[in-house]
Amino acid sequence: MRFLGEPHHDGSALYVSDQEPALGSRVTLWLRAPRAAGIEGVHVRAVHDGEPRYAEASVDPARTGAGGYGATDVWWRAEITAVNPVTPYRFLLRTRGGQVWLTAAGLAAHDVPDSGDFRLVCHQAPPSWMRDAIVYQIFPDRFDRSGRTPEPPEWALPRDWDRDPVIPSGPGTAEQFYGGDLDGVVRRLDHVRSLGADTVYLTPFFPARSTHRYDAATFDHVDPLLGGDEALLRLSGALHERGMRLLGDITVNHCGAGHEWFTRAVADPTAPERDMFYFDPETGGYESWWGFASLPKLNWGSELVRSRMPEVLSRWLGPLDGWRVDVANMSGRRGGDDHTHAVAALLRARLGPGAALIAEHNHDASPDLDRDGWHGTMNYGGFTRPVWAWLRGPDLDLGHFLGVPGGLPPRDGTATLATLRAFASHMSWRSYVHSWQLLDSHDSARIRTVTGSRERHLLAAGLQATLPGTPMLFAGSEFGLTGVNGEHSRTPMPWNRPHDRDEPTLAGYRELFGLRRAEPALRHGGLRWLHADADCLVFARETYEESLIVCARRAPGPPLRLDRRMTGVLHADDGDIIPGRGPFLGVWRVTV
């Protein structure tokens, strides 16, 4: 499958003049078409107030025939108006072979629905710092200890940091207590920064009766087991002094059965808090997350929930620079109730323009994006699963993928690319680049377990470092830690276990994400696919000043030759031939 001769457009600054358009503003769009594609005319179709409108494009003399990108390509230019908060648009191409549509889903010689159109988004833009972020996820109980030895609570199952392996399933999994704390995180910030990461994301830090802490007993203070409020301030201060940021993790879908709101609701059926939850008026039972009685579900139809939960999130700003919202896909949804979009908009408005708001989804998040709510999602469906399926090891034996039965089917490169493009085409470029592209997390198997080898693990990390979106690294994967499921992956960090530290993997992470930090095109550039076959994916990341070619090979294959002269940047042979060996990651700078 080759893409070198295809016309191209994406939402990056190379193709869209205004990345933060105001409602009613005029925006210039460019379409890039190789001369060999034989494009004879171009119209842009934009939807205004639900009605398609067409604007004719013309050849841009400033970009065409002037060397650089114009040497081999024709650039078409048109202006449209951002009439609505989200304005969909697409291109109608007149070619020698007939009419062709170009949408975010790709080229089509037949009529296609609007769901894959490009989008201009006029809602308040995400904070500017998010577009450069590399996020590092920390599960506090397993990251590091400050040296103090808190008495384990009565609910806990004490474990020895370097001797007791994590129990992967069954009784006691949520109560395993290793004693990591927030001051322990401060001790290791130089390690975090050495990976190129500039944003720390903590899983919940509120008091609870589990080490995952999604069953919060209060939102008013930090768990004393983690060092309390002062420890969070020390961590936040240490990060901010380094120019780094801190994100929290919260459920707005449920709280813990020990939470003060819920205990008041249970104790007194006439209490105002009763309406904050879904109680059965006949049995007294209540709705909970997936039937777990320890996690009562919040009712976002309640005025108390709508006033109290946004206050919780805003109260912690200052120490925090934003939030990741747990099970955002379920928040505000129950039967005939669907308040999810209102929930997201309410939280975003309360947090203000400088705070990040990322939603957890483990499937297609696009219906909840491109509104005045979540800035992006955890892109399990559109990144994690396709990368896993392409780079999985031959001996992988997983029973499911985040609940999807049937294990993890192997996919070739063309199927992987089809998934990547399909998910990306159903959200705006803005939502896509602000979504977290992750290889693993505290809720999944480890990428090393999935790939089964250092080479494929680093190839996956290379895709994470070079494709659009915000990389999110799960603490410990840089050492090659393993795990078959989320609980098993919450392994205490191997600071004092050299046999559990794969130093070449650590060095690879530092090199790959250091490259992303150094190259603007990898953070801000467009994405143009150049080639795909079963074992090889090739794409370009481009700004007006810079173009990088990235090749990922999972297995040996025939060498590829590109027309432009390439100079080595990383892991690449000199010359203009992409080598046939594999597993292999190559990145080249292209002469523009």
Side-chain angles (χ1 to χ4, degrees), residues 135-189 191-192 200-219 221-232 234-236 238-239 246-251 256 258 294-295 320 324 326 440-446 472-479 481-497 500:
V135 178
Y136 187 81
Q137 183 193 14
I138 290 175
F139 191 84
D141 183 63
R142 314 291 160 84
F143 192 66
D144 200 8
R145 297 171 293 189
S146 63
R148 67 184 186 90
T149 54
E151 187 69 24
E154 52 83 19
W155 54 261
L157 176 64
R159 308 288 284 169
D160 184 274
W161 192 276
D162 291 316
R163 287 200 294 267
D164 291 336
V166 170
I167 302 169
S169 60
T173 53
E175 293 77 34
Q176 298 174 87
F177 181 79
Y178 287 85
D181 56 26
L182 300 185
D183 285 318
V185 177
V186 174
R187 295 181 60 199
R188 302 294 180 177
L189 291 183
H191 169 80
V192 175
V200 168
Y201 150 48
L202 296 175
T203 56
F205 50 71
F206 296 117
R209 293 181 61 83
S210 68
T211 48
H212 61 66
R213 294 185 171 87
Y214 289 103
D215 56 332
T218 182
F219 296 126
H221 60 85
V222 176
D223 195 333
L225 293 173
L226 296 177
D229 293 1
E230 293 302 315
L232 183 70
R234 288 190 290 271
L235 172 58
S236 173
L239 284 163
L246 180 63
L247 301 180
D249 190 350
I250 194 167
T251 70
S294 60
L295 303 173
L320 299 184
R324 174 265 197 187
D326 185 59
D440 49 17
S441 74
H442 71 303
D443 284 329
S444 77
R446 288 272 188 182
M472 193 217 82
L473 319 179
F474 178 35
S477 286
E478 71 270 27
F479 290 123
L481 296 185
T482 58
V484 298
N485 61 25
E487 193 64 53
H488 195 220
S489 296
R490 302 172 192 180
T491 307
M493 290 288 278
W495 305 118
N496 300 307
R497 301 194 308 274
D500 284 341

Subject >> Euclidean distance, His212 NE2 relative to Phe139 CZ, rounded to 0.5 Å >> reply: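 Between Phe139 CZ and His212 NE2, I get 7.5 Å after rounding to 0.5 Å.
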
Original post:
Could you state the interatomic distance from CG (Leu226) to NE2 (His221), rounded to the nearest 0.5 Å?
Top reply: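 Between atom CG of Leu226 and atom NE2 of His221 there are 11.5 Å.
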
Original post:
Which atom pair, heavy atoms only, marks the closest approach of Asp249 to Tyr214?
Top reply: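 That closest heavy-atom pairing would be OD2-OH, 2.6 Å.
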
**OP:** Indicate the atoms forming the closest heavy-atom contact of Pro207 with Pro224, along with that distance.
**Re:**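 What the structure gives for the nearest pair is CG-CD, 4.4 Å.
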
**OP:** Specify whether His191 and Phe479 have parallel, tilted or perpendicular ring planes, treating 30° as the upper limit for parallel and 60° as the lower limit for perpendicular.
**Re:**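 Because their plane-to-plane angle is under 30°, the rings of His191 and Phe479 count as parallel.
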
Subject >> Donor + acceptor pair across side chains of Asp215, Ser294 (<3.5 Å) >> reply: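 No.
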
Original post:
With distance as the sole criterion, is a donor-acceptor pair present between the side chains of Ser146 and Arg187 under 3.5 Å?
Top reply: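 Short answer, no.
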
Original post:
With distance as the sole test, does Arg497 use its side chain to make a donor-acceptor pair with the main-chain N or O of Pro492 at under 3.5 Å?
Top reply: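 At least one qualifying donor-acceptor pair exists.
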
**OP:** Please confirm whether the backbone N or O of His442 pairs with a side-chain atom of Arg490, one donor and one acceptor, at under 3.5 Å?
**Re:**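 Between the backbone of His442 and the side chain of Arg490 there is a qualifying donor-acceptor contact (under 3.5 Å).
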
**OP:** Pick out which of Arg145, Arg148, Arg142 makes a salt bridge (charged side-chain N to carboxylate O under 4.0 Å, His left out) with Asp181.
**Re:**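 Among Arg145, Arg148, Arg142, the one meeting salt bridge (charged side-chain N to carboxylate O under 4.0 Å, His left out) with Asp181 is Arg148.
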
Original post:
So does Asp183 pair up with Arg188, basic N to acidic O under 4.0 Å?
Top reply: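 No, this pair does not count.
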
Subject >> Note: Asp326-Arg324 ion pair, threshold 4.0 Å (strictly below) >> reply: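 The answer is yes: the pair qualifies as a salt bridge.
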
Can you find a heavy atom in the side chain of [X] that is under 4.5 Å from one in the side chain of [Y]?
| X | Y | result |
| --- | --- | --- |
| Arg234 | Asp229 | no |
| Pro153 | Leu225 | yes |
| Ile250 | Phe206 | yes |
| Val192 | Val185 | no |
| Leu182 | Leu202 | yes |
| Tyr178 | Thr211 | no |
| Tyr201 | Phe474 | no |
| Thr203 | Pro140 | yes |

Original post:
Should Phe205 and Asp223 be marked as a side-chain contact (heavy atoms from CB on, under 4.5 Å) after you check the CA-CA gap, both sets of side-chain angles, and the distance that decides it?
Top reply: CA-CA 6 Å; Phe205 50 71; Asp223 195 333; 5.9 Å; no

Original post:
Which of these passes side-chain contact (heavy atoms from CB on, under 4.5 Å) with Ile167: Gln176, His488, Glu175, Glu487?
Top reply: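 Of the listed residues Gln176, His488, Glu175, Glu487, the side-chain contact (heavy atoms from CB on, under 4.5 Å) partner of Ile167 is Gln176.
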
